[in-house]
A.B. asks: 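Encoded as structure tokens, here's the structure I'll be asking about.
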2 protein chains.
Amino acid sequence: MPEDNPPPDVSPRAAVARRIAALRHARGLSLTALAARAGIGKGTLSELESGTRNPTLETLYALAGPLGVPLTGLVGDEAGRSVSDGVVDAHLLSVRTHDDGGTTEVFWLTLAPGGTRISPAHRPGTVEHFRVVRGRGHAGERGAEQGLGPGEAHSWPGDTVHTYGSEEGAEGVLVIETPGDVPGPS
Amino acid sequence: MPEDNPPPDVSPRAAVARRIAALRHARGLSLTALAARAGIGKGTLSELESGTRNPTLETLYALAGPLGVPLTGLVGDEAGRSVSDGVVDAHLLSVRTHDDGGTTEVFWLTLAPGGTRISPAHRPGTVEHFRVVRGRGHAGERGAEQGLGPGEAHSWPGDTVHTYGSEEGAEGVLVIETPGDVPGPS
DNA sequence: GCTGGCCGTTCCATAAACAGAACACTTTTG
DNA sequence: CAAAAGTGTTCTGTTTATGGAACGGCCAGC
């Protein structure tokens, strides 16, 4: 049965809702005040921030002005954001979803000097490719890491435990390919 | 004269309309095909591209996936400029300028079916790397192109004439490394 | 204690965005 | 040359996002 099992809420609606509410609070504006400045109904804004509504482009545009952000600041998804843990900084450049449900993610990876990060296994069939652009580093399946200098690349299965690291620091392009077509329940 | 000079149309609606149409053409998708992949009505998409509709957030999100761009790529101003000549669509994901003046550019390349593009030599020392993610294509120094399928990669010097092409269409990640060496004043 | 102002939420009628069908038109195929 | 398959646009009824009104909760000032 197609039970609607909403995961952790990845919907763009919830993300935008959170972002608007956060920006409004940061500006010290009340819901009523922001609605007035944006020229939209306060009920609209209320339900929008609670994630129960699916705003139109023009509603978002009306809000972007008074909030002092470009439209991309409201809808900005994870692309362009960095995830950093002090050792590895992964800057997501692109996400592609393919017909079969597989995805291709492209990251700019910055490895801090002297650090190593252990990454858990991803889903079966995942493949990772890392091309070093600057510095020297090492990456690959744990126990089978390969040293890499500028211009060198290495590929490995992402569905086992793997590591990234560098002694002197390194930067490069990381491509993660996740397969689609998980045998659905049918 | 009370001519209501129709403004250059700065409305977000028209801008998004143009962007979606441009991306769709660059991918070689028909309106019908894109609507199907996005899971939206074709009438919806038609009127959306003509600028007569005010799309909701979720409609935009549905389109972003099949078009292979983040949401910001649809509503953003220049977020990731695309250069297309009908055969090759190069979507710039990232540019890095290094200390020595060298640069690394990361593109998402979409090769239209049945086309080949000849690219002139870049500056000496430039190196290009192309990794195919979907479809099949060929790339490399002219006369020494290499056939590539999903997951395969090829590197070649960018300072000679080289080509990109595909019979059935292909997509992948292209990395162009330009050396520093700029006779900087210092 | 009341009273008035502002807060955010919930409800309502209207306008419009939606999916899909019907359409005219062009290109391909036999 | 006719049939078939493709293109994008226009029309339909249904769904839903919208602005505004009504509502209860909270705090200040008389």
A.B. asks: Name all residues meeting the salt bridge (Lys or Arg N to Asp or Glu O under 4.0 Å) criterion together with E49(B); count only those two or more places apart in sequence or in a different chain, and write none if there are none.
C.D. replies: R24(B)

A.B. asks: Taking any atom closer than 4.0 angstrom to a non-hydrogen atom of chain B, what span of DNA chain C does the protein reach, first nucleotide to last?
C.D. replies: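 Contact boundaries, 5' end first: dA17(C) to dG20(C).
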
A.B. asks: If you group Ile, Leu, Val, Met, Phe, Trp and Tyr by side-chain heavy-atom gaps below 4.5 Å, do L109(A) and V127(A) land in one group?
C.D. replies: no

A.B. asks: Please report the C-alpha distance between W156(B) and T126(B) in whole Å, then the side-chain angles of each, then the deciding distance to 0.1 Å, and finally whether the side-chain contact (heavy atoms from CB on, under 4.5 Å) criterion is met.
C.D. replies: CA-CA 9 Å; W156(B) 65 90; T126(B) 300; over 6 Å; no

A.B. asks: For S30(B), give me all partners under side chain to side chain donor-acceptor pair (under 3.5 Å), at least two apart in sequence or on another chain.
C.D. replies: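 With neighbours one apart ignored, the set is empty.
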
A.B. asks: Which residue is it: R142(A), E145(A), E128(A)? I am looking for the one with a side-chain hydrogen bond (donor to acceptor under 3.5 Å, both in side chains) to H162(A).
C.D. replies: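 Among R142(A), E145(A), E128(A), the one that satisfies the side-chain hydrogen bond (donor to acceptor under 3.5 Å, both in side chains) with H162(A) is E128(A).
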
A.B. asks: Residues two or more places apart in sequence or in another chain: which of them pass ring-ring contact (aromatic ring centres under 6.0 Å, His included) with H129(B)?
C.D. replies: none

A.B. asks: Would you name the heavy atoms of L67(B) and L34(B) that are closest together and state the gap between them?
C.D. replies: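 Closest pair (atom of L67(B), atom of L34(B), distance): CD2-CD2, 4.0 Å.
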
A.B. asks: Quantify the bending of the helix from dG1(C)-dC30(D) to dG30(C)-dC1(D) as the angle between its end axes, each fitted on five pairs, to 10°.
C.D. replies: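 One end axis against the other gives 10°.
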
A.B. asks: Tabulate atom names and distances for all N/O pairs under 3.5 angstrom spanning the protein and nucleotides 3-7 of chain D.
C.D. replies:
from	atom 1	to	atom 2	distance (Å)
dT7(D)	OP1	S30(B)	OG	2.9

A.B. asks: When all nucleic acid strands are considered with a 4.0 Å heavy-atom cut-off, which category describes I40(A): base, sugar-phosphate, or nothing?
C.D. replies: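 Sugar-phosphate, no base atom in range.
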
A.B. asks: Quick one: side chain to side chain donor-acceptor pair (under 3.5 Å) partners of T32(A), sequence neighbours excluded?
C.D. replies: none

A.B. asks: I'd like to check the salt bridge (Lys or Arg N to Asp or Glu O under 4.0 Å) partners of E47(B); sequence neighbours left out, ordered by chain and number.
C.D. replies: R53(B)

A.B. asks: Taking DNA chain C as the partner, which of residues 46-54 of chain B come within under 4.0 angstrom of it by heavy atom?
C.D. replies: R53(B), N54(B)

A.B. asks: Rounded to whole angstrom units, what separation is found between the CD atom of E58(B) and the P atom of dT15(D)?
C.D. replies: 17 Å

A.B. asks: Does E167(A) have any side-chain contact (heavy atoms from CB on, under 4.5 Å) partners at least two apart in sequence or in another chain, and if so, which?
C.D. replies: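 side-chain contact (heavy atoms from CB on, under 4.5 Å) check on E167(A) returns H138(A).
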
A.B. asks: Enumerate the salt bridge (Lys or Arg N to Asp or Glu O under 4.0 Å) contacts for residues 30-42 of chain A, please, sequence neighbours excluded, ordered by first and then second residue.
C.D. replies: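 Listed by first then second residue: nothing to list.
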
A.B. asks: Pick the closest DNA chain D nucleotide for T56(B) and for T44(B) by heavy atoms, then say which residue is nearer the 5' end.
C.D. replies: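 On the 5' side of the pair lies T44(B).
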
A.B. asks: Among all residues two or more places apart in sequence or in another chain, which pass the salt bridge (Lys or Arg N to Asp or Glu O under 4.0 Å) test with E152(A)?
C.D. replies: none

A.B. asks: Taking the side chain as every heavy atom from C-beta outward, state whether I20(A) and L60(A) have any atom pair closer than 4.5 Å.
C.D. replies: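 I20(A) reaches L60(A) side chain to side chain.
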
